[in-house]
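Indexing begins at 1, ligand by ligand and atom by atom, following the structure's order.
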Amino acid sequence: MKQFSLNLFSFNVMLPFKIHSPETEVTLPLWEKKHIKVTLKRDDLIHPFISGNKWRKLKYNLQEALQLQKNHIVTFGGAWSNHLLATACAGATFRLKTTAFVRGDEQVNNPVLTMCQLFGMHLIYVDRDSYRGKEKLYSDYFGQDPTAFYVHEGGYGLLGAKGCAELVDELQQDYQHIFTACGTGTTLAGIANAIDKKDLFTQIHGVPVLKNGSFINDEVAQLYPHLAAPILHLDYHFGGYAKTTPELLAFTQHFISSTGIMIEPTYTGKLLYAVDDLIKKDYFTPADQLLVVHTGGLTGLLGMYERFAFH
Ligand SMILES: *Cc1c(COP(=O)(O)O)cnc(C)c1O
C-alpha cells in the first residue's frame, strides 16, 4: 500500500500527444540554380492551434504543472499571441484551467482572442505599464491560488528549450545549417543545445523578428551559458515585431504560391526571406543542406490579410 501511494506522487507525467512534423524539401527556381537544398521541418503540421514550437515549448511546462498537481496555467501575451492560443487549446485538451494576462486595452478583441476564449481561457487585459510587471501581476491575482502555475510569455525558459531540443532528435539526416525565427530565443537555444550535445558540425542560425535582435544572444547565454553563440541575422526584422514592408509581403506571397506551403509575415515570412536573400548573396556553399524550421503560427495571418496587395 505504502509503495503504491509513493508511486502515485512520483509518477512521471507523460502527456498523450503524438506529434507529426515531417521534413519536406522545398525549392524556388533561384535556390535550384544556386544548388542549395532547403528542407522545411514542418512543425506547422503539429497542430492547427497548438502550433509549431508552441507545443514544444509547452510540453515540459504542462508536465511540470501536472507533476506538481497544479491544474491552472497562468501566462502572458500580446493580442495576436500564438502562445496564448496554444496554451488555451492545450488547456482544453488536457483539462487544465487557463488564464492569460493580455497586453492592451479592455476593448482589444480579435479572432485569436475569440478562439482563446472558445477554448475556455480567461483573459485579463492589462495596460502596457502593468504588463511589464508580470511577477507582480501573477502574485497580485494568483499568489493565493495553490493550483496556479506560472508559464513565461512565449513559453520562454529552460522547460521550453528542453522541448524544442527534441526537434533535433527527430531529424532524418544531418544538415550544414539550421535556421529558425526568433522571438524570445527559446527555440534557437533548445536547438543549439541539442546540436552541441550531439557534437554535430551543424551551424545554428537565428533570424530575430524584433528590432535590435542581438539581445537574443543574451537570452541564449542565459539559458545555456556554455554554448557558443549562434549566428544571428539581424537585418531581417523589417522595422520590428509584426511590421511588414511591400518586399516582405511580395516575397511571402511568392513563396506560398510557388510551394503550396502557407507561411505568414511575422515569423516564417521573415525567416524565409532571410534564407532567400542569403542564398542570393552566395552566403552558402553549393550543395549545402539547409534545414529551415517552419514554426507554424499561421493564425497570425488573420491580423494581416488586409496588408496584401489584393486588398
Ligand atoms: C512564437 C513563435 C516564434 C518564436 O519562438 P521563440 O522560441 O520565442 O524564439 C517563432 N515562430 C512562430 C511561428 C512563433 O509563433
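There is no side-chain donor-acceptor pair under 3.5 Å between Glu135 and Ser139.
When the options Leu188, Leu272, Val207, Leu291 are evaluated for a side-chain contact (heavy atoms from CB on, under 4.5 Å) with Phe179, the one that passes is Val207. Between Lys41 and the options Ile178, Leu171, Thr180, Ile191, a side-chain contact (heavy atoms from CB on, under 4.5 Å) holds for only Leu171.
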Exercise for review: Show your reasoning for whether salt bridge (charged side-chain N to carboxylate O under 4.0 Å, His left out) applies to Asp169 and Lys198.
Suggested key: CA-CA 9 Å; Asp169 301 327; Lys198 286 194 174 235; 3.7 Å; yes
Review point. ring-ring contact (aromatic ring centres under 6.0 Å, His included) between Tyr283 and His233: does it pass, once the steps are laid out?
Key: CA-CA 12 Å; Tyr283 178 88; His233 301 276; 5.5 Å; yes
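Under the 4.5 Å side-chain contact rule for hydrophobic residues, Leu30 and Phe255 share a cluster.
Within 4.0 Å of ligand 1, protein heavy atoms belong to Asn53, Lys54, Lys57, Asn82, Cys182, Gly183, Thr184, Gly185, Thr186, Thr187, Tyr267, Thr295, Gly296, Gly297, listed by chain and number.
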